[in-house]
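Data block below; observations after.
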Number of protein chains: 2
Amino acid sequence: MTAVTRHSWKDIRNRIHARILDGTYTPGDKLPRDEDIAGELGCARSTVQRAMRDLSDSGTIERRRKGGTHVRADPVTRAIFDIPITRREVEQKGSVYGYQLISQGIAQTPRSVTAKFGLQAPATMLRVQALHLADQGPFIYEDRWVCLQTVPEISNVDLERESANEWLVRNKPYSRCDLRFYAIKASSHDARVLEIAPGEALFVMERTTWIGTKPITTVKAVTTPGYQLLTQI
Amino acid sequence: MTAVTRHSWKDIRNRIHARILDGTYTPGDKLPRDEDIAGELGCARSTVQRAMRDLSDSGTIERRRKGGTHVRADPVTRAIFDIPITRREVEQKGSVYGYQLISQGIAQTPRSVTAKFGLQAPATMLRVQALHLADQGPFIYEDRWVCLQTVPEISNVDLERESANEWLVRNKPYSRCDLRFYAIKASSHDARVLEIAPGEALFVMERTTWIGTKPITTVKAVTTPGYQLLTQI
DNA sequence: AAAGATATAAAGTACGTACTTAATCAAGGG
DNA sequence: CCCTTGATTAAGTACGTACTTTATATCTTT
């Protein structure tokens, strides 16, 4: 009776990864085929496949049918960020969350918004400006456009009470999401809303969502000075 | 002879996802066990498992052993970013890459750097300041500390010719990486190096890496005005 | 030599089965 | 009543097999 040792895919992954780390396989190198690795390490091919997918997901290797597996020649840092709804973010850092509607109204989308959605022509959408507060102080200012054709129900929502952020995230799942991060100098308007000095450097997160090809919403979330976004560990 | 229809895990995932999108299962709801879904949709449990893992990875659902599968009550936007080495980034936007060493020297880590690594006491490390150029103009300024104990070989690298960025990424794989993004106002020093006006808002990416528990390097990469980081689609 | 057809290699997928792990619940004992 | 112990449940994993997909390479034909 041979003691049948079973190998977890994590072990297999670690052993392959270790070979990359120690230079057995260097960037650009081709790895043996799954089947050979399976034979060598004494496990099933499907276990190697599982390990390889993990390494592939993390950006360590690249796999192509027929082409085989290669150590990524051109390493990237692949990072995963979780952006929670603002209320949760505030509450998780132990602060009291607050919300204020600044203004809402229906208008034609300006060129910049039309472009973000990839639309040909301007559309009539709902614009909502609101402030999220932490411990009574400004935390994030959001400037949002919501597509009324895709989300007509938003008209029935009392945006004085419930933030568009939360209503949308709970009621309008999306199938596509574009995100972009950058820095801006606080305009006098930003400064007034966020109660800071004009000219401060502010971190901005922009998010645009669609369901299928239909636009849902685009938000520019302007954070207060000192805000940092961290990777999810 | 029954025509045996085979179902791809992506189909299965889409059908489950569709039920979340259309409100059949709403946030917080418990989904049937994998086996029941498999029976209902006419596929193997392992196919459901594959579909579920994908939905779980994307943050749509949460799974717990014995606890079952639930639609995430508290939706997050989960984004994946690929941060390439700077040379590649410049070349990919069609510009000519350039690199200049500004200064290098050995020094005690200041409190902020010591803290980033989670060290108890300051350590002696190599500090490298350098500029990445795109089409002869400043693109990213990096201020880096490299742990000499973990990476003694760095001493033999000619940092006038090869950027620490590239040498490290090709020669020193890491097992842990912390990332943080934020905005700063350009100091007079930043402004001089990047050839911009002091007080500009700049987007900053900070990255700290370890191998096991040993620190490798920490970089503060200060981008030029207008820089945007986009999700990988 | 260029273009197209065919073969082939390697990853990807699907399924069934059996076993493992972790969380939860219930029963029993102090 | 609390704590421990054991049973149960559902996800997670491992494996073998068979089939599919997609690049790549080779061969044929014009």
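Owing to the predicted nature of the structure, the values given are computational and were not obtained by experimental measurement.
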Review point. Can you list the steps and then say if Arg207(A) with Thr77(B) is a side chain to side chain donor-acceptor pair (under 3.5 Å)?
Key: CA-CA 9 Å; Arg207(A) 195 177 343 177; Thr77(B) 299; 2.8 Å; yes
Identify the pairs formed between an N or O of the protein and an N or O of nucleotides 16-23 of chain C at a distance under 3.5 Å, and give each distance.
unit_1	atom_1	unit_2	atom_2	d
dT21(C)	O3'	Arg65(B)	NH1	3.3

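- A heavy atom closer than 4.0 Å to some atom of DNA chain D occurs in no member of residues 24-37 of chain A.
- Here the P atom of nucleotide dT13(D) and the CD atom of Gln49(B) are 7 Å apart, to the nearest Å.
- There is a side-chain donor-acceptor pair under 3.5 Å between Thr114(A) and Thr109(A).
- We find that CG of Leu41(A) is positioned 15 Å from C1' of dC15(D), with the value rounded to whole Å.
- With values rounded to the nearest 0.5 angstrom, Tyr141(A) atom OH is found 11.0 Å from His132(A) atom NE2.
- Partners of Arg180(A) according to the side-chain contact (heavy atoms from CB on, under 4.5 Å) rule, which considers only residues two or more places apart in sequence or in another chain, are Tyr182(A), Glu206(A), Gln228(B), Leu230(B).
- Listed here is the closest heavy atom pair of Cys43(A) and Ile12(A): SG-CD1, 3.7 Å.
- No option in Arg19(A), Arg45(A), Arg15(A) other than Arg19(A) meets the salt bridge (Lys or Arg N to Asp or Glu O under 4.0 Å) test with Glu40(A).
- Atom-to-atom, CZ of Arg53(A) to C1' of dT13(C) comes out at 10 Å; the value is rounded to the nearest Å.
- The separation between Asp57(B) atom CG and dG12(D) atom P is 10 Å, rounded to whole Å.
- Between the CZ atom of Arg63(A) and the P atom of dA9(C) there is a distance of 18 Å, rounded to whole Å.
- Open room surrounds CD on Glu35(A); 12 or fewer heavy atoms of other groups in view lie less than 6.0 Å from it.
- Comparing dT13(D), dT13(C), dG12(C) by their closest approach to the side chain of Arg50(B) singles out dT13(C).
- In this entry the distance linking NE2 of His7(B) with P of dT13(C) reads 17 Å, nearest Å.
- One finds a salt bridge joining Arg88(A) and Asp74(B) here, because a Lys/Arg side-chain nitrogen approaches an Asp/Glu carboxylate oxygen to under 4.0 Å.
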